[in-house]
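Note sheet for the following structure.
Note that ligands are numbered from 1 as they come in the structure, with each ligand's atoms numbered from 1 the same way. Bear in mind that the values here come from a model prediction, so they are computed numbers and not experimental data. Residue numbers count from 1 along this sequence.
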Amino acid sequence: MSSDNFIINKSPLNNQVLGEYKIPDDSEIKSAFLKARKAQDIWSKTSLNKRGRALKSLRQTIAADIDNLVNLITKDSGKTKLEALMADIYPSLELIKYYEKRINKFLAPEKRTTPLTAPGNTAYVEYQPLGVIAVISPWNYPFQLAINPAITALAAGNAVILKPSEVTPTVGQYVGDIINSIEDIPDGLMQIIHGYGETGAKIIESGPDKIFFTGSVETGKKIMEAASHKLIPVELELGGKDPMIVFNDANLIRAAKAAAYGGFANTGQLCVSVERLYVQEDVAEEFIELIKTEAGKIRFTMDPASGDIGPFTHPGQKEKVEDQINEALDSEAEILYDGRKNDQPGPVIIGNVNHEMEIVQEETFGPVIPIMKFKDTDEAVALANDSDYGLNSSIWTKDIDKAKRVASSLETGNCMINDLIKNVGNPDLPFGGTKNSGIGRYHGPEGLRSFTNQKSIMINKSKKNKEINWFPYNEKTYKGLKDFLDINFGAGFEIGKIPGLISFMAKFFRGGDN
Ligand code: NAD
């Protein structure tokens, strides 16, 4: 794949060379940052309306180029056309439209209250850009996972240096090119730096003002450690081991179809795929038969225009998945369904698994579902929470009250009831993980503001010569403040406190003793 300082990108479908991408040297990375800082200075002064218009223009430009983009994504990743359109492009269009319409609401200065001890003061929060944001992205949804953080950072007034995955640089380059095709984007505001992990590390050493990383837990930890040397804020969107909990009162046909989609879509290379399935014991046999039937309908393809799942995008993925399956089989696990044929990936369902096995504990990132049974709600919650990960989760039952109680008990950043995955594409919901699944949230107002310095400003009109809390300190002020605190936060109002309080308040408004 690499030729010294170039990445030669080949399609997993047919080895066709899709492009050669230069890996910049240290001085080129340095100049990229200098250029980004200059462009960001210009961009930070543009109005929110103008930024909103640029987002709209970007959305329309992408929408007009969908066939070409689908073609690029399928060639670069091996996924099918519908997967590219539905799960890689559509969520980004939703997010861009969401922010383009709400940029003023989310980023305009916001009035806040002041405490009683600051009479006449006013307060507000300004959402200012941070500077240059490093976005480091993975290969599984090469468009969405690069462009979503990039446009959010840009909307907040920042410059972006994006290092796409070395596995899918062609789509990464497209993200840079399409953003740069928008008229109002200053030269240097959006730059692509291609390379491997080493280049990602150099980008961090160059001192971005924030790092937005999507990828594995292992790399996330390295990034956080490197960022700590310069106290660079990090957002980490990492792996998942999402539980799907199927109760005996669920619509089992719907749940089985959902499990097949959630576990096998994109050949399982999805951070929010169904990685553990828990089914209530009295319906387990029936449910297993249903999901086996659904798995049997999934068609592997090397032609993105037909079929349901394609090859692994990353060449190393097959071995990782096979190792986990074999480790489980070496214990007492058994294969309930095996759709692998001729060395190609296919759906695999595994039973008789337990929480000691890697296939239940570690992210698989392949089309494999381990199934376990549970007795009651408490056991389902305990099993689902017995994981180092906490990204997404799903609960299947017709009893919505029960589902909501279970949702509240799950140690995950996100949860869906009677559906799955779709919540990631809801732009109004903050998305992110707990535990090893990451730090921070994107999407929603929280996501946009996470790319800003949330600067608080408090104003005193400067009518008094001094404030009561300034020097000199004395016993009278101490007593008055104590009564004030007692009335406000403690025992409440008492007649005896009036004289002290009057003298305290008088001093307060006057500014205290000289
Ligand atoms: P990865 O961690 O191997 O690589 C991700 C990116 O980090 C790549 O661009 C890589 O070049 C770069 N990188 C590697 N080492 C680096 C270093 N030391 N410093 C800086 N950058 C470095 O992940 P991957 O294999 O590309 O992606 C798959 C992983 O991503 C899975 O674990 C998946 O669950 C996760 N993921 C998470 C989400 C989410 O939203 N939480 C979404 C998609 C994928």
Side-chain angles (χ1 to χ4, degrees), residues 1-2 7 9 21 23 29 76-77 79 87-88 91 95 134-149 152 161-169 171-172 175 192-206 208 211-229 232 234-242 265-275 312-317 320-321 362-366 388-392 412-414 421 423-425 429-443 447:
M1 257 178 145
S2 158
I7 295 173
N9 187 29
Y21 301 94
I23 301 172
I29 294 177
D76 208 355
S77 64
K79 66 181 75 191
D88 214 3
L95 188 75
V135 174
I136 301 176
S137 57
W139 46 262
N140 60 326
Y141 286 89
F143 183 68
Q144 186 204 145
L145 298 173
I147 201 164
N148 283 12
T152 315
I161 289 188
L162 164 67
K163 195 204 84 58
S165 170
E166 59 273 31
V167 182
T168 49
V171 175
V175 169
I192 305 293
I193 289 187
H194 289 287
Y196 294 83
E198 191 193 339
T199 305
K202 284 182 187 167
I203 291 174
I204 294 168
E205 278 164 31
S206 309
I211 302 158
F212 187 103
F213 171 74
T214 309
S216 62
V217 177
E218 195 189 347
T219 311
K221 286 181 181 170
K222 282 187 202 159
I223 286 182
M224 192 158 172
E225 191 186 342
S228 75
H229 298 143
I232 302 169
V234 290
E235 171 146 3
L236 305 175
E237 296 285 339
L238 309 179
K241 193 75 196 167
D242 294 357
N266 206 39
T267 320
Q269 303 164 114
L270 176 62
C271 61
V272 287
S273 69
V274 172
E275 290 249 347
F312 286 119
T313 302
H314 189 290
Q317 204 54 30
K320 195 186 143 204
V321 174
E362 289 305 317
E363 185 181 48
T364 306
F365 226 55
D388 289 339
Y389 294 90
L391 196 54
N392 214 352
T412 60
N414 322 276
I421 299 177
N423 51 345
V424 189
L429 281 178
F431 182 82
T434 62
K435 305 191 211 173
N436 274 357
S437 291
I439 295 174
R441 294 291 180 268
Y442 75 138
H443 301 168

Measure from [atom] to every heavy atom in [options] and give the option owning the shortest one.
atom: atom 28 (C) of ligand 1; options: Tyr442, Tyr389, Phe365; value: Phe365
atom: atom 1 (P) of ligand 1; options: Ser273, Gly413, Ser437, Ser216; value: Ser216
atom: atom 29 (C) of ligand 1; options: Pro138, Pro149, Ala134, Gly215; value: Gly215

When you measure from [atom] to every protein heavy atom, which one gives the shortest distance, and what is it?
atom: atom 11 (O) of ligand 1; value: Glu166 OE1, 2.6 Å
atom: atom 19 (N) of ligand 1; value: Ala201 N, 3.4 Å
atom: atom 36 (N) of ligand 1; value: Cys271 CB, 3.6 Å
atom: atom 43 (C) of ligand 1; value: Leu145 CD1, 3.2 Å
atom: atom 37 (C) of ligand 1; value: Leu238 O, 3.1 Å
atom: atom 17 (C) of ligand 1; value: Gly197 O, 3.5 Å
atom: atom 25 (O) of ligand 1; value: Trp139 NE1, 2.9 Å
atom: atom 32 (O) of ligand 1; value: Glu363 OE1, 2.6 Å

**OP:** Using a 4.0 Å heavy-atom cut-off, say whether Ile223 meets ligand 1 through its side chain, its backbone, both or neither.
**Re:** side chain
Original post:
Between Val217 and ligand 1, which residue portion shows a heavy-atom distance shorter than 4.0 Å: side chain, backbone, both, or neither?
Top reply: neither
Only heavy atoms of [X], strictly under 4.0 Å: list the atoms of ligand 1 that pass.
X: Phe431; answer: 40 (O)
X: Leu391; answer: 41 (N)
X: Ile136; answer: 6 (C), 7 (O), 9 (O), 12 (C), 20 (C), 21 (N)
X: Gly239; answer: 32 (O), 34 (O)
X: Tyr196; answer: 11 (O)

For ligand 1, is there an atom lying under 4.0 Å from some heavy atom of [X]?
X: Phe213; value: yes
X: Gly433; value: no
X: Ser165; value: yes

May I ask you to decide if [Y]'s main-chain N or O and [X]'s side chain share a donor-acceptor pair within less than 3.5 Å?
X: Ser206; Y: Lys202; result: yes
X: Glu275; Y: Thr364; result: yes
X: Asn392; Y: Val272; result: no
X: Ser437; Y: Leu391; result: yes

Subject >> For Phe212, all residues meeting ring pair (Phe, Tyr, Trp, His ring centres under 6.0 Å), sequence neighbours excluded >> reply: Tyr442, Phe451
**OP:** Using the test ring pair (Phe, Tyr, Trp, His ring centres under 6.0 Å), find all partners of His194 that sit at least two apart in sequence or belong to another chain.
**Re:** Tyr21
Original post:
Pick one: which of Ile161, Thr199, Ile193, Ile204 meets side chain to side chain contact (heavy atoms under 4.5 Å, CB included) with Ile136?
Top reply: Ile204
Do any N/O atoms on [X] end up under 3.5 angstrom from N/O atoms on ligand 1?
X: Thr214; result: no
X: Ser137; result: yes
X: Asn140; result: no
X: Gly195; result: no
X: Lys163; result: yes

Taking the side chain as C-beta and beyond, is there a heavy-atom pair between [X] and [Y] under 4.5 Å?
X: Gln317; Y: Trp139; result: yes
X: Ile223; Y: Ile211; result: yes
X: Phe143; Y: Val175; result: yes

Original post:
Do you know the tightest heavy-atom contact between Gly220 and Leu238?
Top reply: CA-CD2, 4.0 Å
Original post:
For Pro91 and Gln144, which heavy atoms make the closest approach, and how far apart are they?
Top reply: CG-NE2, 3.8 Å
Original post:
Under 3.5 Å, is there a donor-acceptor pair between the Lys435 and Thr412 side chains?
Top reply: no
Original post:
Will you find, in the side chains of Asp76 and Asn9, an N or O donor that is under 3.5 Å from an N or O acceptor?
Top reply: yes
Original post:
If you draw the axis of the six-membered ring of Tyr141, does the NZ or CZ of Lys79 fall within 45° of it and under 6.0 Å from the ring centre?
Top reply: yes
